[in-house]
Amino acid sequence: MKVPFYILLVIFCTNVSAQSNIVEYKVKNGYGGDNGREFLIFNPIDSYYFDFVDGSHQTYDEILRNYNIARGGQKSYRKLDQINLLVRINITPNSGRKHYLIIDDKPSIKWSIKVEKKMILGYECTKAEGNFRGRDYIVWFTENIPVKIGPWKLDGLPGLILEAQDTKGTFKYEAITYIKNSGFQVPDIVYEFMEKFDKSKIKNYKDLINEEDAWLKDIQQKSIANLPKGTNISEIPSVRDLRRETNFEWEVTNMKSK
């Protein structure tokens with residue numbers, strides 16, 4: 001029998017482990033710039049990944065002590081192989097920002113492990129290649145930290161992913177700090193957000209992506225309409241060209257069924 005997620009969450013909150021590890025990743029985003037810092041906190045029970053966009057270089061304890069779940073855009077909580085995305089995004093024009101709790105049943109990544117090795121943060125890492133939702137990735141993982149997770153949604157290898165880059169060079173995640181048994185914990189506000197969220201309003205990821213695509217296309221069409229008269233557009237790019245995920249498994253399934 002499956003136990004509802006929110007019950008598991010309540011059980012977990014009473015048994016949280018204090019011995020967590022933390023990784024700081026320097027991230028290059030799809031717009032050609034430095035997207036700031038993203039962090040992975042993990043222990044044997046769960047993990048939390050989030051971004052932190054700020055001009056000042058705050059310390060880990062400052063960030064976690066004053067953590068505001070409403071900031072930034074990349075937040076994901078994992079437990080029992082289920083990814084819960086904590087999303088704050090504009091979906092419709094002039095609607096203001098809305099909070100969502102999303103369940104993403106992401107597909108497993110089929111990795112090809114290579115023979116190449118290199119050192120990252122003092123750990124021997126092995127190269128692997130794989131495709132995830134429209135992007136081909138080259139990653140480096142270390143079996144010296146035997147957890148099957150990494151930055152963002154990249155996972156499934158026999159060790160922590162310390163570096164990852166898509167082959168087009170659009171996104172790059174580079175671990176610049178790893179602290180073992182840090183004592184840092186997932187901020188309480190994360191559990192509070194999920195625990196208090198109206199469970200009837202939890203969305204699945206496909207629904208969110210459909211809404212997001214409609215919003216992005218609306219922005220694109222308005223931008224094209226505002227171009228100077230006579231402007232020649234040879235090709236209109238996909239609205240997801242600069243997103244972390246460019247296509248999805250349900251789109252492939254729909255194409256095969258036609």
Side-chain angles (χ1 to χ4, degrees), residues 23-40 49-53 72-76 83 85 87 89 102 104 106-121 125-142 148-157 159-176 205-206 208-221 223-224 227 232-256:
V23 188
E24 177 183 355
Y25 293 93
K26 179 181 178 182
V27 179
K28 174 187 175 183
N29 66 21
Y31 300 95
D34 184 349
N35 197 35
R37 310 155 70 190
E38 298 188 2
F39 299 89
L40 173 66
Y49 188 82
F50 67 96
D51 61 358
F52 186 80
V53 181
Q74 292 297 322
K75 309 178 191 70
S76 59
I83 297 183
L85 306 176
V87 179
I89 191 172
I102 312 297
D104 182 13
K106 62 174 285 296
S108 298
I109 303 172
K110 295 180 180 179
W111 294 106
S112 174
I113 298 176
K114 307 301 180 180
V115 297
E116 292 95 327
K117 308 280 186 181
K118 74 173 182 178
M119 300 298 293
I120 301 175
L121 298 178
C125 294
T126 303
K127 182 180 180 181
E129 297 177 356
N131 177 278
F132 179 61
R133 286 179 173 166
R135 294 194 183 277
D136 294 315
Y137 286 94
I138 296 173
V139 307
W140 296 87
F141 69 96
T142 177
K148 296 183 178 182
I149 54 177
W152 185 51
K153 298 180 186 178
L154 302 178
D155 59 13
L157 286 162
L160 178 67
I161 299 172
L162 292 178
E163 186 178 306
Q165 182 172 8
D166 74 294
T167 53
K168 292 183 178 180
T170 309
F171 288 93
K172 183 176 182 178
Y173 309 84
E174 181 182 6
I176 57 176
Y205 198 45
K206 179 180 178 180
L208 179 76
I209 292 300
N210 288 338
E211 291 186 42
E212 184 183 60
D213 282 354
W215 172 62
L216 291 170
K217 287 176 183 176
D218 181 70
I219 293 174
Q220 184 184 67
Q221 290 168 359
S223 297
I224 293 172
L227 290 173
N232 182 31
I233 303 175
S234 59
E235 184 178 354
I236 298 176
S238 165
V239 294
R240 302 204 68 85
D241 272 0
L242 297 179
R243 313 299 283 188
R244 301 196 195 207
E245 298 163 310
T246 63
N247 57 57
F248 301 89
E249 56 279 3
W250 57 81
E251 295 171 332
V252 174
T253 301
N254 289 341
M255 289 177 63
K256 288 181 178 179

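By convention here, the first residue in the shown sequence is residue 1. The shown structure was predicted, so the numbers you read here are calculated from the model rather than taken from an experiment.
Ser76 places none of its side-chain heavy atoms less than 4.5 Å from the side chain of Trp152. The side-chain heavy atoms of Lys26 and Lys172, taken from C-beta on, include no pair separated by under 4.5 Å. Counting heavy atoms from C-beta on, the side chains of Lys148 and Leu160 never come closer than 4.5 Å. Side-chain contact between Ile109 and Leu157: absent, with no pair of heavy atoms (C-beta onward) separated by less than 4.5 Å.
Checked against a 6.0 Å centroid threshold, the rings of Phe132 and Trp111 do not count as neighbours.
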- Message: Would Glu163 and Val139 count as a side chain to side chain contact (heavy atoms under 4.5 Å, CB included) here? Give the steps.
- Response: CA-CA 5 Å; Glu163 186 178 306; Val139 307; over 6 Å; no
- Task: Quick one: do Leu216 and Arg243 satisfy side chain to side chain contact (heavy atoms under 4.5 Å, CB included)? Show the steps, please.
- Result: CA-CA 11 Å; Leu216 291 170; Arg243 313 299 283 188; 4.1 Å; yes
- Quick one: do Thr126 and Thr142 satisfy side chain to side chain contact (heavy atoms under 4.5 Å, CB included)? Show the steps, please. CA-CA 6 Å; Thr126 303; Thr142 177; over 6 Å; no
- Message: Please determine whether side chain to side chain contact (heavy atoms under 4.5 Å, CB included) holds for the pair Thr167 and Glu129, giving the CA-CA distance in whole Å, both sets of side-chain angles, and the decisive distance to 0.1 Å.
- Response: CA-CA 10 Å; Thr167 53; Glu129 297 177 356; over 6 Å; no
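We find the OG-CG distance between Ser238 and Asp213 to be 7.5 Å, quoted to the nearest 0.5 Å. Rounded to the nearest 0.5 angstrom, Ile149 CD1 and Ile161 CD1 are separated by 9.0 Å. In this structure, CZ in Arg244 is found 9.5 Å from CG in Leu154, a value given to the nearest 0.5 Å. The line from CD1 of Ile83 to CD1 of Ile102 is 13.0 Å long, rounded to the nearest 0.5 Å. Note that the CD atom of Glu24 and the CZ atom of Phe39 stand 4.0 Å from one another [nearest 0.5 Å]. Asn247 CG to Glu249 CD: the interatomic distance, rounded to the nearest 0.5 Å, is 9.0 Å.
A salt bridge is absent between Glu38 and Lys153; no separation between the charged side-chain nitrogens and carboxylate oxygens falls under 4.0 Å. A salt bridge does not link Glu245 with Arg135: every distance from a Lys NZ or Arg NE/NH1/NH2 to an Asp or Glu carboxylate oxygen is 4.0 Å or more. Look at Lys28 and Asp166 and you find no salt bridge, because none of the NZ, NE, NH1 or NH2 atoms lies under 4.0 Å from a carboxylate O. Under 4.0 Å is where a charged nitrogen must lie from a carboxylate oxygen, and between Asp51 and Arg37 no such pair does.
Using a 3.5 Å distance cut-off with no hydrogens or angles, the side chains of Lys114 and Ser112 do pair a donor with an acceptor. Between the side chains of Tyr173 and Gln165, no donor-acceptor pair of N or O atoms lies under 3.5 Å.
What you find for Asn131 and Arg133 is that their closest heavy atoms are OD1-N, 3.9 Å. Closest of all the heavy-atom pairs between Ala128 and Phe141 is CB-CE2, 4.0 Å. Nearest heavy atoms, Leu162 versus Cys125: CD1-SG, 3.8 Å. Closest approach of Ile120 to Ala175, counting heavy atoms only: CG2-O, 4.4 Å. Closest approach of Glu116 and Trp140 over heavy atoms only: O-CZ3, 3.5 Å. Of all the heavy atoms in Asp104 and Leu85, the pair that sits closest is CB-CD1, 4.0 Å.
Counting non-hydrogen atoms of other residues, nucleotides and ligands closer than 6.0 Å to NZ of Lys168 gives a total of 12 or fewer. Surrounding NZ of Lys217 are at most 12 heavy atoms belonging to other residues, nucleotides or ligands under 6.0 Å away.
Using bins of under 30°, 30° to 60° and over 60° for the plane-to-plane angle, the ring pair Trp250/Tyr205 lands in the perpendicular bin.
In this structure a side-chain-to-backbone donor-acceptor pair under 3.5 Å is present from Glu251 to Phe248.
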